[in-house]
Number of protein chains: 2
Amino acid sequence: MHVLPRAIDADMVGDRQLPLTEYTALMNLSETPDRRMRMNELAALCHLSLSGMTRTIIRLETQGLVRRERCEEDARGWNAVLTDAGYARLQESWPSHLAAVRRRFLQHFEGFDLAQLARAFQQAGTADPTD
Amino acid sequence: MHVLPRAIDADMVGDRQLPLTEYTALMNLSETPDRRMRMNELAALCHLSLSGMTRTIIRLETQGLVRRERCEEDARGWNAVLTDAGYARLQESWPSHLAAVRRRFLQHFEGFDLAQLARAFQQAGTADPTD
DNA sequence: AACCGACGCTTGATCGGTCAAGCAAATATC
DNA sequence: GATATTTGCTTGACCGATCAAGCGTCGGTT
């Protein structure tokens, strides 16, 4: 549990120079209809603090993979917008990400009911700590 | 996977002021016959780089929970030695660690064969990346 | 016995994250 | 409609990890 995220991250950095955190951000953006999202929401999906999200987006912005636009209906807010370059980069990266997950994780859980496992992890990751 | 280690760590820091990394180091030391271990070996067991281990031991040393002694048979080497204070601290801490693991992890995997799960994780954590 | 590469560990620089404080816009209250 | 509070995000300080470079010791070679 301790080792796997680092291993997958290291694989991805080596392979396509895209750390796991940045990959996750791009991926979540790409799954929205207009490739944009508020910082708030994106941070939650990436399991990152808001300040961590800010920093990640800044890194992506300087690489030209993401652009930031003021939110129209709320001038305090920002939208992170996936650029074409960002989309292209994501397309390049996902096969190596998938391979890393397979090799580092899935391969070792072949006897298991993966859907059930996924549900358990999901639940563990989002449960109220006071339960 | 991303969230759980942080959550468990946060629980332990809040509860008994012992971060997970330091807890793990003390625990591994306590399980040796003479409560001492070379830096090398301890780092491997804690899944930490050697420099990370050095820094962790330094933190523990300033709290008086561990002491460092030159290795007799090799003057380059050091032994980390668990002090009585360190042992006592570990005794105080493990119930809250166990509780955190139960609440954050085990509780959500009740339907599973835990032994089989443990084997899979073990394997995933130690496998050669080139497999 | 003098050297030289390998080894064991530490140190300096950096990185990616957190928390807490700050700022500007939005909203509620009076 | 002015003031206070909340909200959305950024910034500064810090923290715990990594990598790369450094230092002292060991062991084999000559």
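In what follows, every chain begins at residue 1, and chains take the letters A, B, ... in the order their sequences are listed. Hydrogens, waters and symmetry mates play no part in the numbers below; they use all other heavy atoms, side chains included.
- Checked against ring pair (Phe, Tyr, Trp, His ring centres under 6.0 Å), B/Tyr87 has no partners two or more places apart in sequence or in another chain.
- The shortest distance between the side-chain N/O atoms of B/Arg38 and the OP1/OP2 oxygens of C/dC9 is below 4.0 Å.
- One finds a salt bridge joining A/Asp84 and A/Arg35 here, because a Lys/Arg side-chain nitrogen approaches an Asp/Glu carboxylate oxygen to under 4.0 Å.
- For residues 85-94 of chain A, the salt bridge (charged side-chain N to carboxylate O under 4.0 Å, His left out) pairs, not counting sequence neighbours, are A/Arg16-A/Glu92.
- Heavy-atom distances to DNA chain D give each of A/Arg68 and A/Arg6 a nearest nucleotide, and the one nearer the 5′ end belongs to A/Arg68.
- In this structure, A/Asp9 places its CG atom 11 Å from P of D/dC19, rounding to the nearest Å.
- A residue-by-residue look at A/Glu22 and B/Trp78 shows that B/Trp78 has its nearest nucleotide of DNA chain C further toward the 5' end.
- In this structure, the CE atom of B/Met39 is 11 Å from the P atom of C/dT11, given to the nearest Å.
- Using a 30° and 60° split on the angle between ring planes, B/Phe112 and A/Phe112 fall in the tilted class, from 30° to 60°.
- In this structure, A/His2 has no side-chain hydrogen bond (donor to acceptor under 3.5 Å, both in side chains) partners at least two apart in sequence or on a different chain.
- Atom NE2 of A/His2 and atom C1' of D/dT18 are 12 Å apart (whole Å).
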Table please: side-chain donor-acceptor pairs of residues 40-49 of chain B below 3.5 Å, with sequence neighbours left out.
{"residue": "B/Ser49", "atom": "OG", "partner": "B/Ser51", "partner atom": "OG", "Å": "3.3"}
{"residue": "B/Ser49", "atom": "OG", "partner": "B/Gly52", "partner atom": "N", "Å": "3.0"}

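- Between the C1' atom of C/dA26 and the CD atom of A/Glu73 lies a distance of 13 Å, rounded to the nearest Å.
- Protein atom CG of A/Leu20 is 15 Å distant from nucleotide atom C1' of C/dC15, rounded to whole Å.
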Protein-nucleotides 4-7 of chain C N/O pairs closer than 3.5 Å?
{"residue": "C/dC7", "atom": "O2", "partner": "B/Arg76", "partner atom": "NH1", "Å": "2.9"}

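- Partners of B/Arg55 according to the salt bridge (charged side-chain N to carboxylate O under 4.0 Å, His left out) rule, which considers only residues two or more places apart in sequence or in another chain, do not exist here.
- Sorted by first and then second residue, the pairs that involve residues 56-71 of chain A and meet side chain to side chain donor-acceptor pair (under 3.5 Å), not counting sequence neighbours, are A/Glu22-A/Arg59, A/Glu22-A/Gln63, A/Arg36-A/Glu69, A/Thr56-A/Arg59, A/Glu61-A/Arg68, A/Arg67-A/Glu69.
- Non-hydrogen atoms lying under 4.0 Å from DNA chain C are contributed by B/Leu50, B/Ser51, B/Thr54, B/Arg55, all within residues 46-64 of chain B.
- In terms of the salt bridge (charged side-chain N to carboxylate O under 4.0 Å, His left out) criterion, residue partners of B/Asp74 (sequence neighbours excluded) are, by chain and number, B/Arg76.
- Whole-Å rounding puts the A/Arg70 CZ to C/dA25 P distance at 7 Å.
- Following rounding to the nearest Å, B/Glu41 (CD) and C/dC9 (C1') show an atom-to-atom distance of 15 Å.
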